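Notes for the one structure printed next.
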Amino acid sequence: MQQLIRDSILKYLKNKEIDFVSIPVIMLTTPKNPAHGHLSTNIALQLSAIISDAPSNIAQFIVQEIEKKKPGIFDKIEVASPGFINFYFKNDVLYNILPEIITKKSQFGHSNIGQGEKVLVEFVSVNPTGPLHIGHGKCAVVGDSLSKILKAAGYEVSTEYYINDHGKQIDILGESVLVRYRQLLGEDIEFPANGYQGNYIVDLAKEIMNEYQEQFKGKNDQDTIHFFKDYAQQRILKDIKEDLFSFGVQFDNWFSEQSLYTENKVHPVIERLKKEGFVYLNKGALWFKSTDFGDEKDRVVIRKDGEATYFASDIAYHDDKYKRGFNILIDIWGADHHGYINRMKAAIQALGYAKDSFQVLLVQFVTLLQGGKAVGMSTRGGQFITLKDLLKEVGKDVARYFFLMYSHDSHTEFDLDIAKSQSMDNPVFYIQYAYARICSIIEKGRSKNIILIDQKKEQIDLKLLDKKEELELIKKMAYFKEVIERSALQRKPYLIASYLYELASLFHKYYTEYKVISEDRELSEARLYLIYAVKIVLENALTLLGIQAPEKM
RNA sequence: GCGCCUGUAGCUCAAUUGGAUAGAGCAACGGACUUCUAAUCCGUAGGCUGGGGGUUCGACUCCCUCCAGGCGCGCCA
């Protein structure tokens, strides 16, 4: 299609004896207004800015050229003021999508724009110092769903969780549990001011007490601290893994920060930066010149006390990602980490990698509403609603959809009351209900001996599908592939969620207006064929979001 | 103070990256079940896209400025 238009433009330029202009990317859009055709392009408007001719003249010419070449496909092609070209396909052409869907099944909508490029999506990566809360949940589904979408769009995707099992926060965690443990044994010691307050710390202390009784009473030596640190961290990590698993989020790899030190990967990277002249000594610490790449200030990589900073290991970590063969790194971070982007981008460039190969998706905060009031949350303060609690309240499907239904980029509200309601307020049920309805119709068809014939479309008269609602459904399904591509390229999983809702809505309308199974056998077969396609597309889209497609509700 | 994100119907959010008449859901009002599931559908009403300026055939979208909210601005992670 693009080529067709391009050729026409070239011919136009030749006729006009215009030497050379770079033709803009030819954008073909599917207009929201049906009166604007099935496909539309604004290319003539764009061209008229470059070459001096009225857009309508250019459009006219392109249309004539295309009509000469492809007389069979279009019902009509029209030029609309001020210079849009609107293409109307013959219904026959639209129908072609149905056998395609039914042949490709779960593969329908998939494409190869990713061209097998290796992408590493890193997300959640929460310190193992406390349970996952709702904000982490949003990051988790955004990352998980985006990975699935990228795969569907032809990228080779790996997912990874970076475990911050090194450094001060972990030390504080160990200390917090130890103090709680000793307090439980009746010792009168003060809880550290910067310690973790949550009840889960006390639970951990109790757990250790049950297992080891008074073995560590009064102790505060290195070995004891180390034991508590390890115990707490591993225990919490196990919970995190379980929570994510029950949320349908799985990782290809769990990467330990500590391993960067045991495998000596941090210091060589710093050395490399030093050699390139991006590192200098000041006030006893070693600084990375991130300002060379647009950061607002330089950053410490080795502290005065000789310890590498978190940033230093993060540089090594990202270097390692590239070394493992990934071309595109996508990190999904909570919005509170946005100040970190520039220094990381700087490091990427200093190491010689392309600036754009490292991309950060900032997930904005979630405000949880209950009874119309906001529920606060902070890990340190210990007051939060955990992901586990949320899953218990609303279930995996609802939670996932609510996190995916809006742009990850905007702060959203999660209304617990709506999420809990099994009513028409709840978009998840709306979509799943459409799927369940289709299943039940197909079942009815089977009972009446109208059986779906997968591959033999010649036995089905698709021309019978001429109702407005039917054509709308078909057009919507034909759009699915593009939605996946856009969603992947723009890194916006929520586009799938919106699409899903719209498709479900079209189906519900159709359902109310027309009977699929009737006395007319041929018509029933054609309509069954149609809704079978809808079923497949709904299922494929739901799969991308990690949401169940129930056959009965 | 500086930086990033956000501001669209009473509420929660969209708007195909600069396109055609700014759209959905909820809430409000009025309708539709002898039917393949009413967890559904149809209709009515609701807007100076935070304010102001600019760029052009065309702006919610880009630029400038102001206002409001969120989040950052450690030799923490």
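The chains referred to below are lettered A, B, ... by the order of the sequence lines, with proteins before strands, and numbering in each begins at 1. FYI, side chains are in, hydrogens and waters are out, and symmetry mates aren't considered; it's all heavy atoms of this structure. All of these numbers come straight from a predicted model, not from anything done at the bench.
- As judged by a 4.0 angstrom heavy-atom cut-off over every strand, A/S498 is placed among residues making no nucleic acid contact.
- Taking the six-membered ring where tryptophan is involved, the planes of A/Y310 and A/Y162 are tilted, since the angle between them lies from 30° to 60°.
- Comparing B/rC36, B/rU6, B/rU12 by their closest approach to the side chain of A/E413 singles out B/rU12.
- In this structure, A/F84 packs face-to-face on the six-membered ring of B/rA20, meeting both the 5.5 Å centre cutoff and the 30° plane limit.
- For the OP1/OP2 pair of B/rC75 and a distance below 4.0 Å, the side-chain nitrogens and oxygens of A/K283 include no atom meeting the criterion.
- Across all strands, A/A436 comes closer than 4.0 Å to base atoms (heavy-atom distances).
- Across every strand in view, B/rG1 sits in a pair with B/rC73 that passes the Watson-Crick or G-U test at under 3.5 angstrom.
- Residue A/K492 places its side chain closer to B/rU17 than to any other of B/rA39, B/rU17, B/rU21.
- Counting any heavy atom pair closer than 4.0 Å across all strands shown, A/L286 reaches no nucleic acid atom.
- As judged by a 4.0 angstrom heavy-atom cut-off over every strand, A/D305 is placed among residues making no nucleic acid contact.
- Geometric assessment of A/K76 against the ring of A/Y88 yields a positive cation-pi assignment under the 6.0 Å and 45° thresholds.
- Residue A/K444 has its side chain nearest to B/rC36 when only B/rA77, B/rC36, B/rG3 are considered.
- Comparing B/rU35 with B/rG47, their P atoms are spaced 40 Å from each other, to the whole Å.
- In this structure, A/R437 satisfies the cation-pi test against A/Y511, with its NZ or CZ atom closer than 6.0 Å to the six-membered ring centre and inside 45 degrees of the ring normal.
- Straight-line distance from the CD1 atom of A/I26 to the P atom of B/rG19: 17 Å, rounded to whole Å.
- Distance, A/Y401 OH to B/rA24 P: 15 Å, rounded to whole Å.
- Between the P atom of B/rC11 and the OH atom of A/Y406 lies a distance of 14 Å, rounded to the nearest Å.
- One finds no side-chain N or O of A/K168 lying less than 4.0 angstrom from the OP1 or OP2 phosphate oxygen of B/rA77.
- At least one side-chain nitrogen or oxygen of A/Y430 sits closer than 4.0 Å to the OP1 or OP2 atom of B/rC41.
- Side-chain contact, A/R491 with A/H408: no donor N or O sits under 3.5 Å from an acceptor N or O.
- You'll find that the side chain of A/R343 is closest to B/rA77, out of B/rC36, B/rA77, B/rC13.
- Here B/rC26 sits opposite B/rG10 as a Watson-Crick or G-U wobble pair (both hydrogen-bonding atom distances under 3.5 Å).
- Between the A/Q432 side chain and the A/Q548 main chain, a donor and an acceptor come within less than 3.5 Å of each other.
- The residue among A/V300 and A/Q490 whose nearest nucleotide of RNA chain B lies closer to the 5′ end is A/Q490.
- For A/D336, the listed nucleotide lying nearest its side chain is B/rG72; candidates were B/rC36, B/rA15, B/rG72.
- Remark: A/S524 is not in phosphate contact with B/rC36, judged by side-chain N or O atoms under 4.0 Å from OP1 or OP2.
- Contact check, A/K297 against B/rC2: no side-chain N or O comes under 4.0 Å of OP1 or OP2.
- Using a 4.0 Å heavy-atom cutoff across all strands shown, A/A285 reaches at least one base atom of the nucleic acid.
- Using a 4.0 Å heavy-atom distance criterion, A/H166 is classed as a sugar-phosphate-only contact.
- Phosphate contact (OP1/OP2 of B/rU35, side-chain N/O of A/R437, threshold under 4.0 Å): absent.
- Of the charged side-chain nitrogens involved, at least one lies within less than 4.0 Å of a carboxylate oxygen, so that A/K321 and A/D331 count as a salt-bridged pair.
- A donor-acceptor contact under 3.5 Å links the side chain of A/N86 to the base of B/rA20.
- The CD1 atom of A/I270 sits 15 Å away from the P atom of B/rC75 (whole-angstrom rounding).
- Checked for salt-bridge contact, A/K467 and A/E472 miss the test: no charged N lies under 4.0 Å from a carboxylate O.
- A sub-4.0 Å separation between OP1 or OP2 of B/rA77 and a side-chain N or O of A/Y196 is absent.
- For the OP1/OP2 pair of B/rU35 and a distance below 4.0 Å, the side-chain nitrogens and oxygens of A/Y514 include no atom meeting the criterion.
- One atom, OH of A/Y494, and another, C1' of B/rU6, lie 14 Å apart when rounded to the nearest Å.
- Centroid-to-centroid, the aromatic rings of A/F288 and A/Y280 stay 6.0 Å apart or farther.
- Of all nucleotides present, only B/rG31 satisfies the Watson-Crick or G-U wobble test against B/rC41, with each distance under 3.5 Å.
- For A/S505, whose side chain is taken as the heavy atoms from C-beta onward, the closest listed nucleotide among B/rC76, B/rC41, B/rU17 is B/rC41.
- Here the nucleotide nearest the side chain of A/H337, chosen from B/rC75, B/rA77, B/rC41, is B/rA77.
- Nearest nucleotide to the side chain of A/K509, out of B/rA14, B/rC73, B/rC42: B/rC42.
- Positionally, the nearest nucleotide of RNA chain B for A/H408 lies more toward the 5' end than for the other of A/H408 and A/Y340.
- When the shell of 6.0 Å around CD of A/Q490 is examined, it contains more than 12 heavy atoms from other residues, nucleotides or ligands.
- For the 3.5 Å distance criterion, the side chains of A/Y196 and A/Q169 qualify, holding a donor opposite an acceptor.
- Side-chain to base pairing of A/S40 with B/rA20: one donor and one acceptor N or O lie within less than 3.5 Å of each other.
- Counting any heavy atom pair closer than 4.0 Å across all strands shown, A/T412 reaches sugar-phosphate atoms only and no base atom.
- For A/I441, whose side chain is taken as the heavy atoms from C-beta onward, the closest listed nucleotide among B/rC4, B/rC36, B/rC75 is B/rC36.
- B/rU44 and B/rC57: their C1' atoms are spaced 36 Å apart (whole Å).
- The base of B/rG19 sits with one of its N or O atoms less than 3.5 Å from a complementary donor or acceptor on the side chain of A/N42.
- Across the protein-nucleic acid pair, A/N426 atom CG and B/rU40 atom P stand 10 Å apart, rounded to whole Å.
- Across all strands shown, B/rG47 has no partner, as no Watson-Crick or G-U wobble contact with both distances under 3.5 Å is found.
- Comparing the same atom, C1', in B/rG51 and in B/rC13 gives a spacing of 23 Å after rounding to whole Å.
- More than 90° away from 0 lies the glycosidic angle of B/rU65, which makes this nucleotide anti.
- The base of B/rC71 is paired with the side chain of A/H338 by a donor and an acceptor separated by under 3.5 Å.
- A/Y435 has its OH atom 17 Å from the C1' atom of B/rA39, to the nearest Å.
- In this structure, A/D331 atom CG and B/rC4 atom P are separated by 20 Å, rounded to whole Å.
- Among the nucleotides B/rU40, B/rG19, B/rC5, the one closest to any side-chain atom of A/Q364 is B/rC5.
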